[in-house]
Amino acid sequence: MSYYLLLSALLFAIGLYGVLARRTAILIFMSVELMLNSANLALAAFARGSGNLNGQAMALIVIALAAAEVAVGLGIVVAVFRSRQSTAVDDLAEFRG
Amino acid sequence: MTTLIILFVVALLTTFVGFFAPAATTKKLTLLGMLAALVGLAFTWGDNVSAFSGLYRYDVFSQGVTLAMIVGALLALLADCDFFERKGWPAFEYYALISFAVFGGHVMASTTHLGAMIVGLEILSIPLYALAASSREERGYEASLKYFLLGAVSAAFFLYGIALYFGSTGSFTLGAEGKGLIFNAAVLMMLAGLAFKSALAPFHWWTPDVYQGSPTPVTLFMATAVKAAAFAALARLVVSVGLGGPWFYALAAIVLLTVFWGNLAALVQGEAKRVLAYSSVAHAGYIAVALFGPNPAPSMGFYLLAYALSTGLAFAVLAELDDGKGVPISELAGLWARSPLLGLGWLTALLSLAGLPPLVGFWGKYLVFVEAAKGHQYLIVALALFAAVIAAYYYLKLLAVALFGKAEKVKPLKLAGSAPVGLALGIFLVVLLGVLPGLTYKLLTLASAVVK
Amino acid sequence: MIHVLIFLPLLFGFWVLLAPQQARAVGLFGSLLTLLLGLISFGGVLSGADYAYQTPLLREAGVYYAVAWDGVGAVLMLAVVIATFMALLAAHDVPPAMVGLSLLMESGLLGILAAQDLLLFYVFFEATLIPSLLMLGLFGGAGRVRALIKFAIFTLLGSLLMLAGILAARYLGGSPSFLLKDLLAHSLGGGAGMWAFAAFLVAFMVKTPLFPLHVWLPDFHAENHPSGLADVMGTLYKVGIFGLFRWALPLFPAAFAAFQPWLLALAALTALGAAWTAYAQTEWKRLLAYGALSHMGIGALGIFSGSAIGASGAIFLLAASAIYTGALFLFAGGLQRRFGTLELRPTTGLAKAAPALAALGLILVLAMVGLPGLSGFPGEFMNLLGSWQASPIWTFVAFLGVIAAAAYGLSAYQNLFHNAPGKPAADMDGVEWQWGTLAVLVILFMGVYPKLFTELIMPGAKAFAALLGGGQ
Amino acid sequence: MSVFDLLMGALLVASALAAVTLKNAIHAGLALVGNFLALAVVYFALEAQFLGWIQIIVYAGAVMVLFLFVIMLLFDAKADVGPNPLPWMRPIAAALAALLFLALAYAYSSLGPIDPLADVKLAGGLPKALGAILYGGWLYPVLLVAVLLFAATVAAVVLVQPQIRKTRIKPQVLERDRELKEVGR
Amino acid sequence: MLLILIILLPLLGFAYLGLFGKSLKEPQPGILASALTGISFLLVLWGVLSGGASWQIKDWLPGIPFSLLLDHLSGYMGLVVTGIGFLIHVYAIGYMHGDEGFSRFFAYLNFFIAMMMTLVLAGSYPVMFIGWEGVGLASFLLIGFWYTVKKNADSARKAFITNRIGDLGFLLGMALLYGSFGTLSIPELRSAINGSYVLPMGLSLAGLLLFVGAVGKSAQVPLMVWLPDAMAGPTPVSALIHAATMVTAGVYLIARSSFLYVNLQDVSYIIALVGITTAAYGALSALGQWDIKKIVAYSTISQLGYMFLAVGVGAYWIAIFHVMTHAFYKALLFLASGSVIHSLDGEQDIRKMGGLKKYLPRTNLHGLAGALSLAGFPLLAGFWSKDAIITATLNYPFGGTGFYVAGLTVALLTAIYAMRWYALVFLGEYKGEGRPHESPAVMTVPNDVLALGAVFAGLLALPKPLWNLVEPYLAPALAHVEVHEMSLALEWGLITLSAVVALVGLYLGYAAFTRWALPKWYQTFQTWSEKAFYVDLVYNTLIVNPLKELAVLLDWLDKIFDSGYLLLASSSKWLAEQLSWVQAGYVRVYGALMALGLVVLLVWGVLR
C-alpha cells in the first residue's frame with residue numbers, strides 16, 4: 001500500500017512541477033489533472049489499505065469534479081485563445097504590484 | 001433544508017427562465033429568490049437540522065454565513081447598475097451563475113463532510129471562473145484564467161489533503177479521531193486549500209489580480225460571499241481539529257503574514273479596486289484571528305456579515321464608477337460633489353472597513369479580537385491591531401481623495417437602476433448594526449453554534 | 001434626560017446636515033437647547049443626582065450602554081455645551097455642514113464624558129473622530145489631507161492599541177463586563193498590566209497630547225477651517241486627560257506607579273517645550289496650538305501626580321481651557337476674517353482702531369497665561385500644588401513654562417494690538433460681542449468662583465487618589 | 001511488491017514525467033492518456049474495478065480527448081516555445097516538487113500495516129458494492145455533483161459564447177455609459 | 001462684607017469705566033474713580049478703627065479658602081495704599097487732562113487699587129497672589145498706556161515677564177508650603193509654624209522661593225531691570241505703582257510672612273544681602289541718570305533695597321514704617337517731576353531744565369521737601385525711617401557692622417543724588433526752550449498733602465525715649481525679634497552720625513552739581529551709571545537672546561520630529577514597494593509561492 005502512496009506522492013509532485021514549469025495554460029491544466037489523479041490514487045490506495053469503500057466513492061466524485069473543471073477550464077482557455085491567439089500564461093501579466 | 005431547497009430552486013429557475021425572459025426579469029427573479037432565501041433563513045433561524053445522513057448540517061453558524069453570502073449577493077445584484085446590460089454582456093447568465101455560487105457556498109458552509117464540502121466549493125468556484133471572464137475583455141480573461149489555474153491547484157491541494165485525512169482517520173467527516181504525521185499533513189494541506197479561497201497569505205496571490213480584472217459587481221460578490229463560504233469551511237476544519245497541533249503555529253503565521261502583507265501592499269496601490277482587494281486580504285487575516293478563540297463561530301459570523309456589508313458597499317460605489325476599465329484612485333476625486341449618496345456610501349464603507357465605531361466594522365473587529373483574547377492570544381491581537389494602523393492610512397487616503405480631492409470636472413453623476421436602493425440599504429445596515437450590534441450578534445449566539 | 005442631552009445634538013446635527021438651509025439658526029437653537037439641558041443637568045448633579053442609566057448593548061459580550069454624570073463628567077459636560085454654543089454663536093460664516101458636524105461632535109463628546117462602560121467610552125471616543133476628520137478634510141486649508149492623515153493615524157494608532165489594552169484589561173483581569181465598577185474591582189496587575197497600561201497610555205498621550213506624540217496637533221489646527229469652529233471642537237476633543245483620569249490610571253494603579261517618574265518628566269517637558277516652541281511661532285493658530293499643548297502638559301503633570309488636588313486641577317484646567325482656548329481660536333478666526341491671514345504681524349496698533357477687540361483679546365490671552373482671577377489660574381494652581389508633592393523638580397521645570405507663557409502670549413498680543421497703528425480694521429461686530437461676552441463671563445466666573453466646580457470635581461479626584469494609593 | 005507493481009509504477013512515473021516535460025503539447029497529452037490508462041490498471045490492482053473503468057471511460061476516453069481536441073483546435077501544439085520570462089522557474093519548481101515529495105514520503109513512512117480483511121471488505125470495488133455506498137451515505141454529494149455539472153455547463157456556455165448578444169439597450173443606460181466615459185477619462 | 005466692598009468699589013469703577021467710560025465727559029471719569037478710591041480709604045479707616053475684620057469663602061479651591069483679613073498690618077498698609085492712591089487719582093485728573101485715553105486711564109487706576117487692596121487684605125497666599133498678579137497686570141496696562149510707541153509697549157511686556165519670573169518663585173513657594181502644611185491660609189500657617197518645634201525640611205526653600213517673588217515685584221537685584229523701563233507710563237502711574245505701593249508689595253509679603261522668616265536665619269541673611277546690594281546699585285545708578293523720572297526710579301530701587309535690608313535683619317516694623325514714609329516722599333518726588341514734565345510739555349531730560357524754582361514755586365517746594373526727605377535731612381520723615389533701618393542693622397548678629405557701614409555709605413550717596421536731582425532741576429539757570437507754567441491746583445493740592453506727609457510722617461515713630469506709635473501698633477501682626485537694646489547715648493549718637501552723613505551728602509551734591517567741575521573719573525562713572533552698569537545688555541546677551549534662539553531651536557526640533565514620523569510612514573511604504581515585485585502578475589510565480597507556502601507548512605508540520 002505504501003508503495004502506491006509513494007507513487008501518488010511522486011505523481012503529485014510531478015504534477016506540481018508541471019504546473020510551475022509549463023508555460024501554456026492548457027499544459028498547466030493538464031498537470032493539474034495529474035495532481036487530481038494522484039489524489040485519486042492515494043484515495044484508492046488508502047481504501048485498499050483499510051478496506052474502506054468510501055475512499056473509492058470519493059475518488060468517483062473527484063473524477064466528476066475534474067470533468068466539471070475541465071469543461072470550464074477548457075472554456076476559459078478557448079476564450080483566452082480567441083482573444084489573444086495564445087494561451088501562454090506569462091503574457092498575462094497586466095495586473096501587478 | 002428549506003434554505004438549501006430555496007437556493008437550489010432559485011438557481012434552476014434563473015437558469016431556465018433566463019433563456020426566455022429578458023435580463024431585467026431574471027434580475028428581479030433572482031432578487032426575489034434571494035429575498036425568499038432570506039425569509040426562509042429568518043423562519044428557520046436557530047434550527048439545528050441535519051439531513052442526508054448527517055452530511056448536510058444546518059446550524060446557526062451555517063445560517064450566519066449564509067446570511068452574509070445572501071447579503072453579498074443582494075448587494076452585488078442591486079449594485080450592478082445595469083453594468084452588464086450597458087456593456088451588452090451576457091446578462092441572465094450572470095444572475096444564474098450568482099445563484100449557483102450562493103447555493104454552492106451554502107453547501108460548503110453547511111457540511112462537515114469533506115466530500116460534500118469540496119463539491120460545494122466547486123459549485124461555488126466554477127460559476128465565479130466564468131463570471132470573472134464575463135466582461136469578454138482582456139482583463140477579464142486574465143483574471144479568469146489566473147483564478148481558474150490557481151484555484152484548480154488549490155483544489156488539488158485540498159483534495160490531496162482530503163485523501164490524507166481519509167488515510168489517517170478512515171473517515172471523510174470532520175471531527176474524526178486522527179493523529180500522526182499523515183493527519184498533520186492532511187490538516188495542513190486542507191488548510192492551504194481553504195486559505196486560498198479565503199485569500200489568506202501566502203495563498204492570496206490571485207486576489208488583487210482577479211479582483212481588479214473582474215467586473216466590479218463580480219468582484220463585490222467574490223469579496224463577500226466567497227470569503228464567507230471559505231471561512232465557514234475553514235472554521236469547521238480548525239474547530240474540529242482544535243488548536244493543539246502544528247497547525248496552530250501555521251495558522252498564527254498565516255494570520256500575521258496576511259494582515260501585514262495585505263495592509264502593506266495596499267499602501268502602494270494606485271487602483272481603487274486593487275486597494276480594496278488587498279484590504280480584503282487583510283480582513284481575511286482579521287477574520288482568521290477569531291479562530292484562536294474557544295468559540296469562533298459567532299464572532300466570525302458577525303465579522304463576515306460586517307465585512308460583507310462594508311466591503312460590499314465599497315465595491316458597490318466603485319461599480320457605479322467603473323466603466324469596465326477599473327477605477328484609478330485619482331478618478332475618485334470629487335466623488336462627494338458628484339454624488340452625495342456615493343460619497344456617503346464610500347465614507348461609511350471605508351470607515352467601517354477601517355474599524356471605526358459606531359460602524360459595523362468596528363464591532364466585527366472587536367468581536368474577533370475579543371475571541372482571540374478569550375483564547376489568551378494577546379500577541380496576535382496586538383500585532384493584528386498594529387497592522388490595522390497601517391490600514392488606516394490607505395483607507396484615509398482613498399477617503400481623502402474621494403471626499404476632499406478636487407475634481408477637474410465636477411459633473412453630477414446620476415445613479416442607475418437599482419443602485420441607489422443597494423447603496424442606501426448598505427449604508428443603513430452598516431450604521432444600524434454599528435449602533436446596535438446586538439441585533440445580529442444575538443442571533444449568532446442563539447445556540448452556542450455547533451461548528452463541528 | 002441624560003440620553004436626551006447626549007443625543008439631542010446628534011439629532012440637530014443630522015437635521016442641519018440634511019436640511020442645510022438656516023444651518024446656523026437650527027444649529028444655534030440645538031446647541032442652546034443642549035446648553036439649557038446641560039445647565040439643568042449640572043444643577044441636578046449639584047443637588048446630588050447622577051442620572052445613571054444602564055442597559056446591555058451586547059449582552060453576550062458584556063458591553064453595556066451605561067451612562068451617568070458624576071461630578072467630573074458634569075463639569076466637563078458643562079464646558080462642552082458652553083463651548084459648543086459659543087463656537088456656534090461665532091460661526092456665522094461657515095459652511096452649513098460644519099455646523100452639523102460640530103453638533104455630531106458635541107454628541108460624541110458628551111458620550112465620552114458620560115460613558116461608564118469602557119467599550120462604550122471607546123465607541124464614543126472613536127465615533128467623534130469621524131466628524132472631526134470630515135471637518136478637517138472637507139473645509140480645511142491646502143495641506144489638510146496631510147494633516148488629516150497625520151491626525152487620524154496618530155489617533156488610530158493610539159486607540160487601536162487601547163482596544164488591545166481594553167481587551168487585556170477585561171479578559172486578563174477577569175472582569176465580567178466592561179463596566180467601570182467591574183473593571184475597577186478586577187484590576188489587572190503584573191507584567192500584563194504594564195503592557196495594557198502602556199497601550200492606554202499611548203492612546204491618551206496622543207489625545208492629550210504629550211510629547212512626542214503631539215506632532216499632529218499644530219498641523220491639525222493650522223489647516224482647519226479659519227473660522228475656528230473646528231478648532232474649538234478639536235480642543236474639546238482633547239480628552240486625553242479625562243481618559244487618563246477616568247480610565248487609564250484607576251484601572252492600572254500598579255503599572256502607573258512604575259511609570260510615574262517617566263510620565264511626570266514627559267508631562268513637564270511637554271509643558272515647557274511647547275511653551276517655548278509657541279514663542280517661535282509666526283502664526284496665530286500654531287501659537288495657540290502650542291500654547292494649548294503646554295497647558296495640557298501641565299494638566300497631565302497634575303494627573304500624573306496621582307494626588308487629589310493635582311487631578312482636580314487637571315480636570316479644572318481641561319474644562320477651563322476648553323473655553324478660553326476655544327475662544328482664542330474663534331478670536332483667531334476673527335483676525336483671519338479681517339486680514340485674510342493668520343500671520344502674527346498682519347498689522348500693529350490695532351487697539352487704536354478696535355479697542356473692544358483688544359480688550360477681548362487681552363482677557364483671552366491672559367486667561368491662557370494663567371492670570372489669577374481668570375479661569376486659567378485655579379486649574380494651573382491646583383496642578384502645581386498636586387504635582388509638587390509628586391516631584392518638585394519636574395514641577396519646577398513645567399512651571400518654567402509659565403514664564404514662557406507670558407512671553408509668547410504678550411508678545412503675540414503686543415504684535416497685534418500695540419506699537420504704531422498699522423492698517424486699521426473694524427472693531428468687534430455683533431456676533432463677536434455675543435460670543436465674546438459669553439466667553440468672558442465664563443472665564444471670569446470660573447476664575448473668581450472655582451468653588452462651584454472644584455466641589456463637584458473633588459470627590460472624584462479624592463477617589464482617584466485613593467485608588468492610586470496616595471492623596472490626602 | 002511484485003514485478004507488476006514495479007512495472008506499473010515505472011510506467012506511471014515515466015508517462016507523468018513525459019506529460020510535464022515534452023515540448024509538443026500533443027505528445028504531452030498522449031503521455032497523459034498513457035498515464036491515465038496505467039492508473040486505471042493500478043486501480044484494478046487496488047481492488048477498485050469500477051473506479052478503473054470509470055477512469056478509462058471518463059478520463060482517458062472523454063477528458064483527454066477533449067484536451068487533445070482543444071489543443072488541436074487552437075493550433076497550440078508547440079506552446080512551450082519562445083522566450084521564457086521566468087527561466088529560473090524550472091529549477092525552483094523541481095526543488096519545490098522534490099521537497100513536497102520528501103515531506104509526503106516521510107509522512108507515509110509512518111504508516112501501519114494493511115488491514116488483513118481489506119480486500120474482502122472492498123469486494124473488488126465492483127459497482128454493486130460501490131453503488132450501495134454512493135446511493136446510500138453518499139447520496140448528497142452525488143446530487144451535488146449533478147448540480148455542479150449543471151452549473152459547469154452554464155458556465156462553459158457563458159465562456160465560449162462567441163459574440164455579445166445584441167439586446168436592445170435602454171437609452172438612459174447608454175447615456176450613462178457616455179457620461180462615465182466623459183467624466184472618468 | 002466690608003472687606004469685599006473695599007475691593008469691589010474700585011473694581012466696579014474699573015468695570016464701569018472700562019465698558020462705558022467713553023461716553024463720559026472729562027473729568028467725570030476722574031472724579032468717579034477718585035471718589036471710589038476715597039470711599040475705599042474711608043472704609044479701610046472705618047475697618048481699622050473698628051478693630052479689624054475678616055471674611056472668607058471656605059474651600060474656594062479645595063482646602064484653600066478665599067479669605068480676606070483686615071488686621072493692623074493690612075489696615076496700615078491699606079490706609080497707605082488708598083490714601084496715597086486717592087491723592088494720586090486727584091492729581092491725575094489734572095495730569096491726564098486732554099489725553100484721549102482719559103477714562104481708560106482711570107479705569108486702570110481703579111483696577112490697580114482693587115488689586116492692590118486684594119493683595120493687602122489677603123488672608124491666604126493664593127488670594128495675595130491674585131492681587132499680586134493683578135497689580136502686575138495693572139502695571140502692564142499702565143506702563144503700556146501709550147502703547148502706540150513701541151518702546152512703551154516693550155517696557156510693559158518686559159515688566160510683566162520679569163515679574164513672572166518672581167511669580168514663579170511665589171507659586172513654587174506656595175506649593176512647598178502647601179505640601180508641608182496642607183494649608184495656605186496665613187493665620188493657619190502662622191500658628192502651624194509657631195506651634196511646631198521641628199520645622200519641616202525645605203522650609204528655607206519655601207522662604208527663599210517666596211522671596212524670589214518679592215524680588216521680582218520689588219525690583220531687587222537681580223530682577224530690577226524692569227522698573228526703570230516702567231517709567232514709560234504716565235507719571236501718576238510711576239508715583240502710585242512704581243514707587244508708593246505696588247513695588248513695596250514684596251516688602252509687605254516678607255513682613256506678612258515674618259513668622260516664617262523669623263525662623264529662617266539663612267534666608268533672612270540672603271534677604272539682607274540682596275537688600276543692601278540693591279540699595280547700593282540703585283543709588284549708584286541714580287547718580288548718572290539724565291531723565292528726571294529715571295533718577296527717582298533708581299532711587300526707588302535703592303530705597304526698596306533699604307526696606308529689604310530692614311526685613312532681612314528682622315526689623316519688620318521699621319521696613320513697614322519706611323514703606324509709608326517712602327510712599328509719601330517718593331510719590332511726592334514723582335508727582336513733582338510730573339508737574340515739571342507737565343509744565344515743560346513732556347520734557348524729561350534734566351539737562352534741559354534748571355532754574356525752575358522761579359517758574360514753578362509750588363512745585364519747587366514740593367520737590368525740595370521730597371528731595372530732602374529722601375536724602376534724610378534731619379527731622380524729616382525719610383530721616384527717621386532710614387535712620388531706624390541703618391541703626392537696626394547694628395543689632396543684627398551676622399555682620400551687622402558691615403551692613404551698617406554699607407547702609408550709611410548708601411545714605412551718603414542718596415543725599416548726593418537727591419541733591420543733584422533738585423539742583424539740576426530747580427536751581428541754576430533755565431536751559432530749555434518754551435515757557436514753563438505752574439500746574440493747576442488739582443495737581444498741586446495733592447502734592448501739598450504729600451509734602452506734609454514727607455515732612456511730618458516720621459513723627460509717628462521716633463526713637464526712644466520719644467514716642468513711637470507705629471511699632472506697638474504693628475506688633476501683633478509681625479514676628480518679634482529679640483534684640484539687644486542699645487543704650488540711649490549710643491542710639492542718639494548714631495542718629496547724629498546719620499544726620500551728619502545726610503548733611504554732608506547734601507552739601508557734596510549741591511557743590512558738585514552746581515559749582516564744581518567734575519573730575520575725569522567721574523565722567524567714566526557717569527557713563528556706566530547712566531547705563532545702569534549695562535545690566536540690560538548683559539541680560540539680553542546672556543539670557544534673553546539665547547532663550548529666543550532656544551525657541552527657534554525647539555520649533556525646529558519639532559519639525560525634525562515631524563519628519564521623523566513621516567520617515568516612519570514612508571519607510572513602511574518603501575517596504576511595501578520592495579515587497580510588491582513578488583506580485584509581478586505571473587501566475588506561475590503565484591503558483592510557486594503558494595507551493596512554497598504549502599511545502600514550508602508540510603515540511604515543518606511533518607518533520608517537526
Side-chain angles (χ1 to χ4, degrees), chain C residues 149-150 153-154 211-212 214-215 218-219 273 276-281 290 308-309 312 349 351-352 355 359 362 366 369 371-373 377-378 381-382 384-385 387-389 392 395-396 399-400 402-408 410-411 414 417-421 449-451 454-455 457-458 461 472, chain E residues 18 22 57-64 66 104 115 118 126 129-134 136-137 140-141 144 147-150 152-154 156-157 160-161 163-165 167-168 171-172 174-176 178-179 182 184 202 205 547-548 550-558 561-562 564-566 569:
Chain C
I149 288 181
K150 201 153 69 164
I153 294 287
F154 270 89
F211 178 87
H214 67 279
V215 296
D219 279 359
W276 272 123
T277 314
Y279 188 66
Q281 299 309 312
Y290 278 106
I309 186 135
S312 63
K352 206 89 189 164
L362 186 64
L366 287 174
V369 168
L371 195 86
F377 175 69
F381 187 64
M382 289 189 280
L384 169 80
L385 296 183
S387 60
W388 181 274
Q389 295 165 33
T395 306
F396 173 69
F399 276 78
L400 281 175
V402 166
I403 299 171
Y408 69 73
L410 292 183
S411 301
Q414 186 188 348
F417 287 111
H418 287 171
N419 302 352
Y449 197 67
K451 181 177 173 176
T454 53
E455 268 187 348
I457 297 172
M458 230 14 212
Q472 29 178 296
Chain E
K22 281 249 146 123
I57 306 173
K58 264 187 92 66
D59 278 329
W60 176 67
L61 290 177
I64 299 165
F66 185 99
R104 184 163 60 96
M115 285 300 124
T118 312
F129 191 72
I130 296 179
W132 191 266
E133 289 271 284
L137 172 62
F140 167 80
L141 291 171
Y147 52 80
T148 49
V149 179
K150 185 168 186 307
N152 296 352
D154 283 345
R157 188 161 55 111
F160 197 85
I161 295 172
N163 265 305
R164 272 253 142 173
I165 300 174
D167 295 346
L168 177 61
L171 277 173
L172 295 174
M174 282 194 280
L176 215 173
Y178 183 81
L184 285 173
L205 185 59
L547 282 178
K548 282 183 182 167
L550 179 70
V552 175
L553 181 77
L554 280 172
D555 190 42
W556 188 70
L557 266 182
D558 220 58
F561 246 100
D562 198 11
Y565 284 116
L566 279 183

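Every heavy atom of this structure was used, including side-chain atoms; hydrogens, water molecules and symmetry mates were not. Below, read A as the first sequence line, B as the second, and so on, with proteins coming before strands; counting in each chain starts at 1.
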If you round to the nearest 0.5 Å, how far is [atom2] of [Y] from [atom1] of [X]?
X	Y	atom1	atom2	value
T277(C)	W556(E)	OG1	CH2	13.5 Å
K451(C)	K58(E)	NZ	NZ	8.5 Å
L176(E)	Q389(C)	CG	CD	10.5 Å
I309(C)	I64(E)	CD1	CD1	5.0 Å
L384(C)	L171(E)	CG	CG	5.5 Å

Examine whether an atom of [X] lies under 4.5 Å from a heavy atom of chain E, and if so say whether it belongs to the side chain, the backbone or both; otherwise answer neither.
X	result
I153(C)	neither
F381(C)	side chain
W388(C)	side chain
I457(C)	neither
F417(C)	backbone
Q281(C)	side chain
S387(C)	neither

If you take all heavy atoms of [X] and [Y], which pair is closest and at what distance?
X	Y	answer
A407(C)	I161(E)	CA-CD1, 3.6 Å
N419(C)	A153(E)	OD1-CB, 3.7 Å
A551(E)	A280(C)	O-CB, 3.3 Å
Y565(E)	P212(C)	OH-O, 2.5 Å
T454(C)	W60(E)	OG1-O, 3.8 Å

Given the options K548(E), E133(E), R157(E), which has more heavy-atom pairs under 4.5 Å with chain C than any of the others?
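Counting heavy-atom pairs under 4.5 Å, the top option is R157(E).
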
Most heavy-atom pairs under 4.5 angstrom with chain C, which of V149(E), N163(E), L566(E), L550(E)?
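Max contact count across the listed options: L566(E).
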
Less than 4.5 Å apart, side chain to side chain, heavy atoms only: is that true for L554(E) and Y279(C)?
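The answer is no, as the side chains (C-beta and beyond) never meet within the 4.5 Å cut-off.
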
Between L385(C) and L61(E), is there a side-chain heavy-atom distance shorter than 4.5 Å?
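L61(E) does not reach L385(C) side chain to side chain.
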
Quick check on [X] against chain C: is it the side chain, the backbone, both or neither that has a heavy atom closer than 4.5 Å?
X	value
L553(E)	neither
L137(E)	side chain
L557(E)	neither
M115(E)	neither
I165(E)	both
D154(E)	both

Please determine, among P372(C), A461(C), G373(C), the option with the most heavy-atom pairs under 4.5 Å with chain E.
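Option with the top pair count is P372(C).
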
Candidate pair M458(C) and D59(E), rule side chain to side chain contact (heavy atoms under 4.5 Å, CB included), full reasoning
CA-CA 11 Å; M458(C) 230 14 212; D59(E) 278 329; over 6 Å; no

Residues L547(E), W276(C); criterion side chain to side chain contact (heavy atoms under 4.5 Å, CB included); working and verdict
CA-CA 8 Å; L547(E) 282 178; W276(C) 272 123; 3.8 Å; yes

Evaluate side chain to side chain contact (heavy atoms under 4.5 Å, CB included) for F140(E) paired with L410(C), printing each intermediate quantity in order.
CA-CA 10 Å; F140(E) 167 80; L410(C) 292 183; 3.8 Å; yes

I would like to know whether K352(C) and Y147(E) meet side chain to side chain contact (heavy atoms under 4.5 Å, CB included); could you show each step before the answer?
CA-CA 9 Å; K352(C) 206 89 189 164; Y147(E) 52 80; 3.7 Å; yes

Under 3.5 Å, is there a donor-acceptor pair between the H418(C) and N152(E) side chains?
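No donor-acceptor contact under 3.5 Å links the two side chains.
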
Hey, is the main chain of V402(C) close enough, under 3.5 Å, to the side chain of R164(E) for a donor-acceptor pair?
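Checked: pair present.
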
